[in-house]
Amino acid sequence: MRYIVIGAGAVGGTIGARLHQGGHDVLLIARGAHYEAIKRDGLRLITPESSETLDIPAADGPVPARDDDVLIVATKSQDTIAALDGWPSDLPVVCAQNGVDNERTVLRRFERVYGMCVWLPAQHMEPGVVAAHAHPYSGILHVGRYPQGVDELARRIADDLGKRGLVGLARPDVMRWKHGKLLGNLGNAVEALVGHVPGMEKVVERARAEARAVLDKAGIAYSTPEEEAVVRGRKADVRPIDGVARGGGSSWQSLARSSGSIEADYLNGEIVLLGRLLGMPTPVNEVLRREANGFAKEKRAPGSMPLETLLALIDGRSAA
Ligand SMILES: CC(C)(CO)C(=O)C(=O)O
C-alpha cells in the first residue's frame with residue numbers, strides 16, 4: 001500500500017514522516033518552495049527527542065495512481081476540493097483534517113471516504129522542515145469509515161500509523177470524535193485573534209457552550225475532553241523543543257505565514273451554519289468566524305486584536 005499525503009505541511013508532513021519511518025511507502029504532495037526543498041534535501045522532522053532528515057518521494061500534484069494507493073488529505077478544510085482535483089475517484093480518501101464537513105464534501109466525488117480525528121500539535125517551520133511538539137508520541141489519530149463503521153482498511157491504517165511515533169485507533173464512531181475535536185478547535189480563532197491573554201479562555205468557553213447547545217439540539221453526538229484526555233493519557237504531552245519557538249495552533253499559524261485564508265468557516269462557521277439551520281442564534285461563533293476571516297484577508301498579525309475589542313464585538317452582536 002502507498003500512502004499519498006496531500007498537503008505535507010505541519011500535520012501532513014508529520015504523518016508522512018512517521019509512516020515513512022514505520023517502513024511504509026509514502027509520497028508527499030506539497031507546493032512551491034516546500035516541495036522544492038523536500039525534493040532537493042528531504043523532509044526534516046524535528047521532535048522533542050530528535051531531528052531527522054528523511055528521503056521521502058515528493059510531487060507537486062497528481063501522479064499516475066496505483067491500485068494500492070490511499071490518499072490522506074491534510075490540507076486546510078477550505079482547500080479540500082482543489083487538493084483532490086485530478087486524483088482518480090476510485091481511490092480511498094482519508095480526511096486528516098479539522099472540522100466535520102470534509103468527509104461529506106469528498107463523498108460527492110469519492111466512494112470510499114474515511115474520517116480521521118487528528119490531535120497532533122505541529123508546526124511548519126520553513127520550506128522542507130516541520131516540527132512536532134508532542135512526546136513520546138507525536139499525535140493521536142482516530143480513524144474510521146465515513147459516516148460510521150470500521151472496515152479492514154480503517155484497521156490497517158490505524159495499525160500502520162501506530163508503527164512509529166503515532167497512536168492510531170480504529171473507531172466506528174470517528175465523527176463523534178471529530179465533533180468533540182471541533183468543540184476544541186472553536187478556540188483556534190480566539191487564539192489567532194487575541195493570543196493567550198488573561199480572559200481569552202472565557203470567550204472560548206462561551207463559543208463552546210453555544211456550540212454544545214446547537215449540537216445537542218441537532219442530536220449530534222460528540223466526545224468529551226475527558227474522553228480525549230483518557231486516550232491521550234501519558235502518550236502525548238506537549239514538550240518544548242530546543243531552539244523551536246511554539247507558534248500556536250493551526251489558525252494562528254495561518255495568520256503568521258500571511259496565507260490569506262483561515263479555517264474559521266469550517267470551525268466556528270460550522271456552528272453558525274447549524275445554528276442557522278435550526279433557528280438558533282450563535283453570536284459568539286459568528287463574530288469569531290467573521291473576524292478571523294477579516295484578519296486573514298487583511299494579513300494582520302496573529303494575536304493583535306485587544307481582547308476588549310473582541311468582547312465589544314461579541315456583546316454588540318449578542319445584543320443585536
Ligand atoms: C489541537 C491542535 C493544536 C493539534 O491537532 C489543532 O487541532 C490545531 O492546531 O488546529
Side-chain angles (χ1 to χ4, degrees), residues 5-21 28-38 41-54 56 58 72-79 96-99 116-141 161 164-167 181 184-185 187-193 195-196 232 235-264 267 292 295-296 299-304:
V5 183
I6 305 179
V11 166
T14 306
I15 293 177
R18 288 309 203 181
L19 284 168
H20 171 86
Q21 289 174 324
L28 302 174
I29 308 295
R31 282 182 315 189
H34 190 43
Y35 161 68
E36 299 294 342
I38 299 173
D41 307 322
L43 177 73
R44 183 142 72 98
L45 173 67
I46 306 174
T47 66
E49 48 285 310
S50 68
S51 170
E52 230 184 297
T53 300
L54 306 161
I56 312 178
I72 299 185
V73 188
T75 63
K76 295 281 174 288
S77 301
Q78 63 272 25
D79 300 324
Q97 298 159 290
N98 284 338
M116 187 182 277
C117 178
V118 177
W119 185 87
L120 199 166
Q123 205 169 325
H124 191 175
M125 305 295 297
E126 59 185 78
V129 184
V130 297
H133 296 274
H135 170 92
Y137 293 94
S138 301
I140 314 276
L141 312 175
L161 289 165
R164 179 76 190 271
L166 295 170
V167 177
K181 175 87 192 307
N185 286 137
N188 287 25
V190 183
E191 180 194 51
L193 289 167
H196 287 273
R232 213 172 300 154
K235 293 193 183 80
D237 283 332
V238 174
R239 287 273 173 100
I241 305 177
D242 276 350
V244 176
R246 180 85 213 282
S250 52
S251 299
W252 171 285
Q253 291 179 48
S254 293
L255 293 184
R257 61 170 184 275
S258 300
S259 69
S261 76
I262 197 161
E263 216 167 19
L267 304 177
F295 252 52
K299 303 203 164 70
R300 289 174 66 183
S304 59

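- Partners of Asp41 by side chain to side chain contact (heavy atoms under 4.5 Å, CB included), not counting sequence neighbours: none found.
- In this structure a side-chain-to-backbone donor-acceptor pair under 3.5 Å is present from Glu191 to Gly249.
- Remark: Arg44 engages no residue in a salt bridge (charged side-chain N to carboxylate O under 4.0 Å, His left out) (not counting sequence neighbours).
- His20 is linked by a side chain to side chain donor-acceptor pair (under 3.5 Å) to nothing, counting only residues two or more places apart in sequence or in another chain.
- Here CD1 of Ile38 is found 7.5 Å from CD1 of Ile56. Values are rounded to the nearest 0.5 Å.
- Listed by chain and number, the residues in a side chain to side chain donor-acceptor pair (under 3.5 Å) with Arg300 amount to none (sequence neighbours excluded).
- The closest side-chain heavy-atom distance from Leu19 to Leu161 is below 4.5 Å.
- Residues Val244 and His133 meet the side-chain proximity criterion, which asks for heavy atoms closer than 4.5 Å.
- A distance of 9.5 Å separates OG1 in Thr53 from CG in Leu45, rounded to the nearest 0.5 Å.
- The two atoms that bring Val130 and Gly13 nearest to each other are CG2-C, 4.3 Å, heavy atoms only.
- By the salt bridge (charged side-chain N to carboxylate O under 4.0 Å, His left out) test, Arg246 pairs with no residue at all, sequence neighbours left out.
- Residues passing the salt bridge (charged side-chain N to carboxylate O under 4.0 Å, His left out) test with Glu36, sequence neighbours excluded: none.
- Residues satisfying the side chain to side chain contact (heavy atoms under 4.5 Å, CB included) test with Ala236, not counting sequence neighbours, are Trp119, Ala134, Ile140, Arg232.
- The CD1 atom of Ile29 sits 9.0 Å away from atom OH of Tyr35, with the distance rounded to the nearest 0.5 Å.
- Residues that satisfy the salt bridge (charged side-chain N to carboxylate O under 4.0 Å, His left out) test with Arg164, not counting sequence neighbours, are Glu52.
- In plain terms, the two heavy atoms of Gly99 and Leu267 that are nearest each other are N-CD2, 3.8 Å.
- Residues satisfying the ring pair (Phe, Tyr, Trp, His ring centres under 6.0 Å) criterion with His124, sequence neighbours excluded, are His34.
- The side chain to side chain donor-acceptor pair (under 3.5 Å) check on Ser138 picks up Arg18, with sequence neighbours excluded.
- Considering all non-hydrogen atoms of both residues, Leu120 and Ile15 come closest at CD1-CG1, 3.8 Å.
- Closest approach of Gly248 to Gln253, counting heavy atoms only: O-NE2, 2.9 Å.
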Under 3.5 Å, side-chain donor or acceptor atoms of residues 256-264 against the rest of the protein: list the pairs with distances, not counting sequence neighbours.
residue : atom : partner : partner atom : Å
Ser259  : OG   : Ser254  : O            : 3.2
Ser259  : OG   : Ser261  : N            : 3.4
Ser259  : OG   : Ser261  : O            : 2.9
Ser261  : OG   : Gln78   : NE2          : 3.0
Glu263  : OE1  : Asn98   : ND2          : 3.4
Glu263  : OE2  : Ser77   : N            : 2.9
Glu263  : OE2  : Ser77   : OG           : 2.9

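- Of all the heavy atoms in Pro121 and Val238, the pair that sits closest is CG-CG2, 3.8 Å.
- With Trp252 contributing its side chain and Gly247 its backbone, the two residues share a donor-acceptor pair below 3.5 Å.
- A heavy-atom distance below 4.5 Å is found between the side chains of Thr75 and Gln97.
- Remark: Phe295 CZ is packed, more than 12 non-hydrogen atoms of other residues, nucleotides or ligands lying under 6.0 Å away.
- Across all their heavy atoms, Asn188 and Ser251 have their closest contact at CB-OG, 3.3 Å.
- Applying the side chain to side chain contact (heavy atoms under 4.5 Å, CB included) test to Pro127 and every residue at least two apart in sequence or in another chain returns Ala33, Ala37.
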